[in-house]
J.: 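One structure, as structure tokens, below. Some questions next.
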Amino acid sequence: MKNRIVLLGPPASGKGTQAALLAATFGLPAASTGAMLREEKSRGSAIGTEAERWTTQGGLVPDELALRIVWQWIDGRTRFIFDGFPRTLGQAQAFDDGLQERGLTLDVVYLLELSDETVLNRICTRLTCPGCGSVFNESFHFVTKGSPCPSCGVELTRRKDDTREALDRRLSEYRKETLPVTEHYEARGLLRRIDASPARAVLFQALYDDLCANNPEEALS
Ligand code: AMP
């Protein structure tokens, strides 16, 4: 079984949703650096306030800050799914070194690929629940801004960085900083490319099939 998984991809490629599905299916703890930063912000912590300078405009927070929350979260864990981390080569190298010090290695890195056009469409119609973190799309989930979350009832909102301006910055950061991370993992033979354009259940099946490909005993009946 693969116990240490990273999900990379552009904004709205489904990283968070797929991480939650994989976590529930395989019993793996999942962490999103983006969600952790939003949580820190809503708690009013020093890290959250510091991070907001970058996050609302779609920039990346400094490596040191991202790594600080990652190592705090890992603290003793040996199995995990990371969504949206590492996002720069500096983070990837520090992550490799830190895992090695703990006697751990990554098992697989999935790159969820999506065209810019689909990213834009999804971002403009994406709503999130500040209560439970669920993500919905106005085009096919029969919800609008302010609707009660179908999962927990809290009012759905649009993320502050889900704007056209912030998206341009996020996509350019993604190309400049995160694509080199995918090359780093490709060179190490860990990268698997997955088409993220299908519906979430279809995408999940592709990830599930790949994870079980060499572990038939893991496949659910
Ligand atoms: P996400 O929820 O993954 O879209 O992340 C939201 C925002 O949090 C990003 O646009 C960045 O500002 C910040 N962020 C999340 N993960 C990282 C990371 N690994 N490195 C730097 N910034 C990050």
Side-chain angles (χ1 to χ4, degrees), residues 4-20 22-23 30-43 45-74 80-99 106 109-114 116 118-120 122-137 156-182 184-185 196:
R4 286 172 292 279
I5 301 169
V6 161
L7 299 182
L8 297 178
S13 53
K15 301 183 296 291
T17 303
Q18 297 302 322
L22 292 171
S32 149
T33 40
M36 290 194 280
L37 290 169
R38 283 187 290 281
E39 215 174 286
E40 293 283 346
K41 199 224 136 205
S42 67
R43 283 198 294 119
S45 75
I47 289 187
T49 312
E50 195 184 338
E52 209 187 356
R53 278 200 275 156
W54 292 277
T55 53
T56 39
Q57 263 129 54
L60 293 178
V61 305
D63 286 353
E64 177 278 321
L65 209 165
L67 287 158
R68 209 186 323 155
I69 57 168
V70 162
W71 293 126
Q72 257 174 36
W73 181 83
I74 284 198
F80 53 75
I81 304 177
F82 268 105
D83 136 25
F85 173 88
R87 246 155 136 138
T88 67
L89 258 189
Q91 291 177 19
Q93 278 152 358
F95 193 43
D96 289 349
D97 293 346
L99 288 178
L106 277 182
V109 176
Y110 288 109
L111 172 58
L112 307 187
E113 296 185 300
L114 203 60
D116 286 2
T118 312
V119 168
L120 178 62
R122 286 190 186 180
I123 287 285
C124 292
T125 50
R126 173 159 86 170
L127 293 172
T128 53
C129 173
C132 67
S134 297
V135 179
F136 301 93
N137 189 296
L156 298 178
T157 57
R158 207 172 293 289
R159 268 171 53 171
K160 267 194 184 163
D161 58 347
D162 276 354
T163 62
R164 182 64 213 244
E165 300 70 41
L167 178 63
D168 286 344
R169 173 102 188 265
R170 286 157 79 194
L171 280 173
S172 87
E173 293 279 23
Y174 176 72
R175 277 189 274 272
K176 184 166 144 251
E177 304 288 352
T178 310
L179 287 183
V181 175
T182 65
H184 167 80
Y185 288 127

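Just follow the structure's listing: the first ligand is 1, and inside any ligand the first atom is 1.
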J.: Ion pair present between R43 and E39, side-chain N to carboxylate O less than 4.0 angstrom?
T.: no

J.: When the ring planes of F95 and W71 are compared, do they come out parallel, tilted or perpendicular, using 30° and 60° as the limits?
T.: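 Answer is tilted, since the angle falls between 30° and 60°.
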
J.: Tell me every residue that passes side chain to side chain contact (heavy atoms under 4.5 Å, CB included) with S32, counting only those two or more places apart in sequence or in another chain.
T.: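 Once residues adjacent in sequence are excluded, the partners of S32 under the side chain to side chain contact (heavy atoms under 4.5 Å, CB included) criterion are A35, D83.
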
J.: Assess whether a salt bridge exists between R122 and D162, defined as any Lys/Arg side-chain N lying under 4.0 Å from an Asp/Glu carboxylate O.
T.: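 No salt bridge links R122 with D162.
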
J.: Could you walk me through whether E40 and S45 pass side chain to side chain donor-acceptor pair (under 3.5 Å), step by step?
T.: CA-CA 5 Å; E40 293 283 346; S45 75; 2.5 Å; yes

J.: Extract all N/O-N/O pairs under 3.5 Å that connect ligand 1 to the protein, and present each with both atom names and the distance rounded to 0.1 Å.
T.:
unit_1	atom_1	unit_2	atom_2	d
ligand 1	2 (O)	R38	NH1	2.9
ligand 1	2 (O)	R38	NH2	3.1
ligand 1	2 (O)	R159	NH1	3.3
ligand 1	2 (O)	R159	NH2	3.4
ligand 1	3 (O)	R87	NH1	3.0
ligand 1	3 (O)	R87	NH2	3.1
ligand 1	4 (O)	R159	NH2	2.9
ligand 1	5 (O)	R87	NH2	3.3
ligand 1	12 (O)	G59	O	2.4
ligand 1	16 (N)	T33	OG1	2.7
ligand 1	16 (N)	R87	NH1	3.2
ligand 1	19 (N)	T33	OG1	3.4
ligand 1	19 (N)	G84	O	3.2
ligand 1	19 (N)	Q91	OE1	3.0
ligand 1	20 (N)	Q91	NE2	2.8
ligand 1	22 (N)	V61	N	3.1

J.: So, E165 and R169, do they make that salt bridge, N to O below 4.0 Å?
T.: no

